[in-house]
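Report on the structure given below.
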2 protein chains.
Amino acid sequence: MTDSTPRPAIRSSRGRGRRPADEVRADVLRAVGEMLLRDGLAELSFERIAREAGVSKTTLYKWWPSVGALALEGYFHAVEDTLAFPDTGDIRADLTTQLHHFVALMTATPAGRLLTELIGRSQSDPELASEYRRLYSSGRRRLATVRLRRAQEAGQIRADVPVEVLVDQLWGAIYHRLLIPDEPVDEAYADVLIRNLFDGIA
Amino acid sequence: MTDSTPRPAIRSSRGRGRRPADEVRADVLRAVGEMLLRDGLAELSFERIAREAGVSKTTLYKWWPSVGALALEGYFHAVEDTLAFPDTGDIRADLTTQLHHFVALMTATPAGRLLTELIGRSQSDPELASEYRRLYSSGRRRLATVRLRRAQEAGQIRADVPVEVLVDQLWGAIYHRLLIPDEPVDEAYADVLIRNLFDGIA
């Protein structure tokens with residue numbers, strides 16, 4: 001079997017025909033997400049993704065400009081549910097829930113190592129940096145600000161607070177400790193981040 | 001002239017004798033700091049530092065385990081005055097002054113590029129990561145918390161606020177935007193960081 005021959009695993013369940021592209025694409029992203037959360041970034045290559053997802057390398061090259069781009073898109077989908085923003089109507093409780101999930105993901109799975117490595121590499125790789133923003137961070141930022149703006153409309157966050165900045169003072173503060181581990185990252189830390197902002201420190 | 005021969009420039013002004021080690025050391029750190037703020041990290045090597053500071057490479061190897069370690073120590077000294085923490089008795093005003101200086105340093109000099117590159121490299125280089133914390137970030141953290149604790153004693157920050165966390169929600173939030181430039185870093189941003197914390201966002 002050559003590299004460009006799909007393995008039987010992804011043959012259509014409806015017979016010998018080709019499966020629709022969006023199904024194959026979703027399967028690849030799912031496989032990449034699983035590989036990343038299991039093994040981290042080090043093991044990832046188009047070769048191995050093609051083997052594990054049962055698609056040809058040609059297909060991968062056609063859809064993704066680089067392994068980094070594919071990794072970022074796969075990771076975004078893999079953590080979408082874990083990092084979903086609940087809306088119980090209480091922004092403080094919902095942020096606590098979401099940030100606890102985020103802390104657990106970053107500290108108890110390879111996700112933390114993966115993201116800090118991608119952020120690290122992107123400091124000297126402008127293409128990866130722009131892919132990181134396009135395929136991961138800008139999307140996560142958007143999801144956070146949607147929930148924060150809803151809280152603002154509900155009067156739970158003051159109208160004159162630019163919610164973009166809260167993203168940096170909550171998730172950004174956690175990234176700061178992940179990237180420069182002078183101090184620990186745990187649920188208590190996340191709770192203080194929220195308390196400082198909602199109660200004020202003065 | 002061989003590499004291990006000091007250039008005349010660092011010969012003692014008091015004659016042909018050797019200069020005291022701490023003077024030479026201070027001169028090397030000063031030269032490295034100037035080189036970093038002028039040219040960034042890319043141009044830095046023991047070879048070039050030896051040439052510019054007029055000391056032997058042997059001396060550099062004896063005092064610093066790596067170019068990274070020397071760069072970090074030189075940078076720490078180079079920015080110590082710019083990033084000093086004023087104490088006028090008003091913590092909010094003093095943080096504004098300091099953060100404006102920090103923003104200017106990070107955005108208008110090669111310092112921002114230098115630090116993000118060092119943080120970036122340290123994600124896949126455990127030795128550099130530990131040097132970064134030992135020679136730079138832990139020292140900066142200490143200076144910040146000293147000023148914040150004084151404000152706490154003066155009753156300008158609530159007694160139950162762990163000031164360590166404020167470091168992440170002020171400077172850490174700025175690093176977050178420098179490392180993942182989804183949003184701009186400017187004085188207005190620094191002002192909002194301070195306002196969110198002191199006034200509270202609820």
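Order of the sequence lines sets the chain letters (A, B, ...), proteins ahead of strands, with each chain counted from 1.
Side-chain contact between Glu183(A) and Pro162(B) is absent, with no heavy-atom pair separated by less than 4.5 Å.
Between the CG atom in Asp168(A) and the CD1 atom in Ile174(B) there is a gap of 9.5 Å [rounded to 0.5 Å]. Interatomic distance, Leu179(A) CG to His176(B) NE2, rounded to the nearest 0.5 Å: 8.5 Å. To the nearest 0.5 Å, atom CG of residue Leu118(B) and atom CD of residue Gln123(A) are 10.5 Å apart.
Only the side chain of Arg141(A) comes within contact range of chain B, judged by heavy atoms closer than 4.5 Å. Tyr175(B) touches chain A through its side chain: at least one heavy atom from C-beta onward sits under 4.5 Å away, while N, CA, C and O do not.
Between Gln169(B) and Leu193(A) the shortest heavy-atom distance is NE2-O, 3.1 Å. A pairwise comparison of heavy atoms in Asp160(B) and Arg195(A) identifies O-NH2, 3.7 Å as the closest pair.
Heavy-atom pairs under 4.5 Å with chain A peak, among Val161(B), Leu197(B), Thr116(B), at Leu197(B). Ranked by heavy-atom pairs under 4.5 Å with chain A, the first of Val167(B), Leu178(B), Leu170(B), Val192(B) is Val192(B). When each of Glu164(B), Gln156(B), Glu117(B) is scored by its heavy-atom pairs under 4.5 Å with chain A, the top score falls to Glu164(B). Most heavy-atom pairs under 4.5 Å with chain B, from the set Ser122(A), Ser124(A), Pro181(A): that is Pro181(A).
Proximity to chain A among residues 129-140 of chain B is limited to Tyr132(B), Arg133(B), Ser137(B), Ser138(B), judged by heavy-atom separations below 4.5 angstrom. Contacts between residues 30-43 of chain B and chain A, defined by a heavy-atom separation under 4.5 Å, are made by no residue at all. When the heavy atoms of residues 72-109 of chain B are compared with those of chain A, none of the residues falls under 4.5 Å.
Of the residues listed (Asn196(A), Ile157(A), Leu166(A)), the one engaging Asn196(B) in a side chain to side chain contact (heavy atoms under 4.5 Å, CB included) is Leu166(A), and it is the only one.
Pairs engaging residues 20-44 of chain A under the ring pair (Phe, Tyr, Trp, His ring centres under 6.0 Å) rule: none recorded [sequence neighbours left out].
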